[in-house]
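Report on one structure; see the data block that follows.
Proteins get letters first, then strands, A, B, ... in listed order; numbering begins at 1 in each.
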There are 2 protein chains.
Amino acid sequence: MTSTAVRSRRDGLSEAATHRLSLLLRVLGGLEAVGVDTISSAGLAERLGGNAAQIRKDLAHLGEFGVRGVGYRVADLKARLGAILGLDRVRVVVIVGAGHLGQALADSKNFNGDSFRVGALFDVDGRKVGGRSRTGIPIRHAEALRESVSELGAEIGVVAVPPENAAGAALSLAQAGVRGILNFAPTVVGPFAGTTVKNVDLTLSLETLAVQLAPAAG
Amino acid sequence: MTSTAVRSRRDGLSEAATHRLSLLLRVLGGLEAVGVDTISSAGLAERLGGNAAQIRKDLAHLGEFGVRGVGYRVADLKARLGAILGLDRVRVVVIVGAGHLGQALADSKNFNGDSFRVGALFDVDGRKVGGRSRTGIPIRHAEALRESVSELGAEIGVVAVPPENAAGAALSLAQAGVRGILNFAPTVVGPFAGTTVKNVDLTLSLETLAVQLAPAAG
DNA sequence: TGCTGTGAAACCGTTCACAGCT
DNA sequence: AGCTGTGAACGGTTTCACAGCA
């Protein structure tokens, strides 16, 4: 029990817990930047808008990070948490679909931050192939997906094509060997053995919001 | 109990239930298009990848829609469900931020389907103001937000600006009178009285996916 | 008979309350 | 004394199992 081997248990993390930990890592970055050394679970809860016990549970589930009577060492927790979550290194992302959405994503800060870098875009449109996005991400032919994925060492693929082509694009990515797929098309894709799929269904987000709108005045 | 007044209870719907019902509506559209008249909860569960009892519970929670021994009438269920969820009419959406992401969203099918129509984009960049997106959505100055929202009857606002301007953009939208905000910036905005906020944090989505990746081979 | 609508049971995630270190 | 780590209580959602109706 006193061993230093934490045996990084990323499994058994609920989606919600993963969200919280990911946001926690952001908060820790902010705290480190302003020179905060130590912080209690209560302090973190305040910044994240949650419950202190939950934060302790989330962290305790991954190992023992805190110091009783003191709290958590910001720099230490950030480093260890980043390592366990696998967010301490840069992963290469490839995007299938060099339309407006695909290019917007390729050039955005979201996809080119501390943990991610877009390696290439793919399309079947000959007029786009060979060109580059505004920030210089090369656009290659979709047929080159497989070799590009291994060449770039891409671990994550993004599906940003029209719904009717989404299933095919996702299959190509899975076969090309990416380990995760972020699907922006409002279509169910997969499942594929060995590849995690996460859907970011913008239509669904809009609809969900619409349903939950405060009732119209009157 | 036999009354026809269903008293459309949109409240008390969990986020998960709202997702399922929204997807259910899509599935019903598909079934109607291929001429299916009647479908059982088991049939729907199969298409949605869930449990039949859950679908019955979701629906029963909103009223009595099925016919015992038969199933659900596709056209009828679609119409009634659409009405209860408020997805049977077109809502106008405005987008703050006419950058690549904002324009991509403005022109996308996701935001211009059966239930939504983008009315205008807003930006502070004088070179963009007065122009139009590729599909012709006008770009107006952010100062014109308030009057545009009432003029267009916009109910939903989208925040597609850099993180540092997100809070301000959201506040402007809330003050302009939209009833819901879809926030694409990785920043907490609001809350605002009378305006529902939903975050679509793309960075968080990527990070969540990365954490849940199947472990690297080796 | 067949399928819905629904009470009861099982399950999971969150919150509480406190024992145990420092 | 202070704060973490954690068993126990709680609340909500999902699943089961079946009564009730066409």
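- At whole-Å resolution of the value, CG in B:Asp76 and C1' in C:dT4 are 15 Å apart.
- D:dC10 atom C1' lies 13 Å from atom CG of A:Asn51, rounded to whole Å.
- Within 4.0 Å (heavy atoms only), B:Ala52 reaches no atom of the nucleic acid at all.
- Look at A:Arg20 and you'll find a side-chain N or O under 4.0 angstrom from OP1 or OP2 of C:dT14.
- If B:Ala42 and A:Ala53 are placed on DNA chain C by their nearest nucleotide, the residue sitting closer to the 5' end is B:Ala42.
- Computed from coordinates, the B:Glu64 CD to C:dC3 C1' distance equals 13 Å when rounded to whole Å.
- Taking a 6.0 Å sphere around CZ of A:Arg26, one finds it holds more than 12 heavy atoms contributed by other residues, nucleotides or ligands.
- Here the P atom of nucleotide C:dT4 and the CG atom of B:Leu77 are 11 Å apart, to the nearest Å.
- The pair B:Arg89-B:Glu155 meets the salt-bridge criterion, since a charged nitrogen lies less than 4.0 angstrom from a carboxylate oxygen.
- For B:Leu44 and C:dG2, the CG to C1' distance is 16 Å, given to the nearest whole Å.
- Considering only side-chain N and O atoms, B:Tyr72 lies nowhere under 4.0 angstrom from the phosphate OP1 or OP2 of C:dG2.
- Taking both residues in full, the closest heavy atoms of B:Leu206 and A:Asn110 are given as CD1-O, 4.1 Å, listed atom of the first, atom of the second, then distance.
- Between A:Ser41 and D:dC3 there is no side-chain polar atom (N or O) within less than 4.0 angstrom of OP1 or OP2.
- For A:Arg68, the listed nucleotide lying nearest its side chain is C:dA19; candidates were C:dT4, D:dT14, C:dA19.
- Between the A:Glu32 side chain and the A:Ala75 main chain, no donor and acceptor come within less than 3.5 Å of each other.
- With rounding to whole Å, B:Phe65 atom CZ is found 9 Å from C:dG5 atom P.
- If you check distances only, the side chain of B:Lys57 does reach the base of D:dT15 with a donor-acceptor pair under 3.5 Å.
- As a whole-Å value, the separation of A:Glu15 CD from C:dG13 P is 11 Å.
- Atom pair B:Arg56:CZ and D:dC18:P shows a separation of 14 Å (rounding to whole Å applied).
- Between B:Leu85 and the choices B:Leu24, B:Leu13, B:Thr18, the side chain to side chain contact (heavy atoms under 4.5 Å, CB included) rule is met once, by B:Leu13.
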